[in-house]
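Let me begin by presenting the structure, written as structure tokens, before commenting on it.
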Protein chains: 2
Amino acid sequence: MKLDEAKKKFIQTWGALGSQWGINKTMAQIHALLLISEEALSMEDIMEELHISRGNASMNLRSLIDWGIVFKEFKAGERREFFSSEKSIEELARKIAKERSRREIKPAIRVLKEVSDVEDQSGDAEQFKKTTSELYDFILRADNMLDKITEQKGNWITKTIYKLMT
Amino acid sequence: MKLDEAKKKFIQTWGALGSQWGINKTMAQIHALLLISEEALSMEDIMEELHISRGNASMNLRSLIDWGIVFKEFKAGERREFFSSEKSIEELARKIAKERSRREIKPAIRVLKEVSDVEDQSGDAEQFKKTTSELYDFILRADNMLDKITEQKGNWITKTIYKLMT
DNA sequence: CTGAACTTTCAAAAATAATTGAAACTTTTA
DNA sequence: TAAAAGTTTCAATTATTTTTGAAAGTTCAG
């Protein structure tokens with residue numbers, strides 16, 4: 001495959017994967033573009049490359065920065081801002097995992113805790129409590145596991161697999 | 001909290017969590033409803049409980065069955081079909097993880113492999129190859145890890161955490 | 001200050017995804 | 001075999017999410 005074609009395909013695929021996992025397609029595409037760019041890119045560059053509007057670029061860049069996986073860069077003698085992405089894949093994955101846990105999983109855990117504490121005593125209520133507290137326990141443990149995995153610095157995926165094999 | 005309120009809140013929350021992770025809200029809500037129902041429910045029951053149309057119920061139930069987390073049940077002397085969900089949370093998580101890996105991660109891995117094999121030799125191409133193959137390696141290993149974790153039968157979350165702590 | 005260069009905001013428009021509902025289809029009963 | 005009971009399909013509609021683009025905002029050089 002030719003480089004240009006490969007780049008396009010990578011950006012498309014990353015974008016599609018993003019949507020399937022609840023992340024705005026353009027956001028994922030900007031991220032893909034920055035990942036494979038040696039140099040930091042200006043907003044103009046990004047708009048042109050992906051054929052998107054200024055507003056769209058601005059908003060999605062902001063989100064990426066909020067997620068902690070894209071950074072603003074300043075170049076000497078240049079007024080405008082440049083953007084570059086976290087280049088370490090491990091660090092990238094760690095940040096994404098942390099953010100999704102914080103924004104989505106932890107709030108859900110709180111609700112599960114809350115609803116599993118229903119006051120009724122009927123058989124129906126007992127069944128409900130049982131299911132929701134099992135779910136609470138499970139998700140809490142899974143989330144803790146995620147924390148454990150991601151807090152290991154350096155080659156955590158490899159380390160984790162190694163431990164799992166023993 | 002009262003049982004009815006708790007049920008509603010649980011169904012809402014599960015639905016919202018679904019959308020955030022790329023799963024149709026109604027599909028997640030039907031699943032939530034079945035999870036907390038002792039008895040299998042008919043399509044009518046589900047339509048009424050969630051205020052959704054017959055077509056919507058039918059299509060989303062089908063998806064849930066395709067995912068392997070909801071089953072049709074037949075009751076003696078009843079013409080219509082009843083639906084119930086996988087009740088073991090561990091089994092549920094295992095099935096969801098397996099399906100998402102099969103449908104989304106594995107195809108993405110194939111594309112990454114493909115694009116990281118670009119033929120050009122320029123510096124630009126080398127950088128692109130480097131990033132995409134790192135990503136390929138990483139996601140491949142993460143996916144293998146997921147396979148490893150989910151193939152352990154019985155209390156796999158606990159076992160995994162235990163191993164991680166040693 | 002003033003205005004040029006650049007970025008952000010947000011209401012409106014466009015694109016995408018989900019939902020409806022009625023017709024077609026399937027299965028069962030009489 | 002007819003029709004009743006139930007389910008599925010899918011074109012049209014509705015809801016939701018994303019994107020645009022122009023106005024407002026900001027920063028900086030002269």
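So you know, we letter chains A, B, ... as the sequences are listed, proteins then strands, and number each from 1. Values in this document were obtained by computation on a predicted structure and should not be read as measured data.
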Nearest whole Å is fine: how far is [N] [atom2] from [X] [atom1]?
| X | N | atom1 | atom2 | result |
| --- | --- | --- | --- | --- |
| A:Ile46 | D:dT20 | CD1 | P | 14 Å |
| A:Asp45 | C:dC6 | CG | C1' | 14 Å |
| B:Gln29 | D:dA15 | CD | C1' | 14 Å |
| A:Leu61 | D:dT19 | CG | C1' | 14 Å |
| A:Met43 | C:dA5 | CE | P | 16 Å |
| B:Lys75 | C:dT28 | NZ | P | 18 Å |

May I ask you to evaluate whether A:Lys72 reaches the phosphate of C:dC6, defined as a side-chain N or O under 4.0 Å from OP1 or OP2?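 Negative; the distance criterion is not met.
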
Are B:Glu134 and B:Lys130 ion-paired here, with the side-chain N under 4.0 Å from a carboxylate O?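 Yes, this pair counts.
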
Quick tally for nucleotides 15-26 of chain C: nucleotides whose base has a protein heavy atom under 4.0 Å get B, sugar-phosphate-only ones S, the rest -, giving ---SSBB-----

With a 4.0 Å heavy-atom cut-off, tell me which residues in residues 78-86 of chain A come close to DNA chain C, sorted by residue number.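 Correct list: A:Arg79, A:Arg80, A:Glu81.
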
Flag for [Y]-[X]: side-chain donor and acceptor within less than 3.5 Å:
| X | Y | value |
| --- | --- | --- |
| B:Ser63 | B:Asp66 | no |
| B:Asn60 | B:Thr26 | no |
| B:Ser53 | B:Asn56 | no |
| B:Trp156 | B:Glu151 | no |
| B:Lys98 | B:Thr150 | no |

Would you verify whether the NZ or CZ of B:Arg100 falls within 45 degrees of the ring axis of A:Trp21 while also being under 6.0 Å from that six-membered ring's centre?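 Yes, B:Arg100 and A:Trp21 form such a contact.
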
With B:Phe83, the side chain to side chain contact (heavy atoms under 4.5 Å, CB included) member among B:Leu61, B:Leu64, B:Leu41: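 In the set B:Leu61, B:Leu64, B:Leu41, the residue that makes a side chain to side chain contact (heavy atoms under 4.5 Å, CB included) with B:Phe83 is B:Leu61.
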
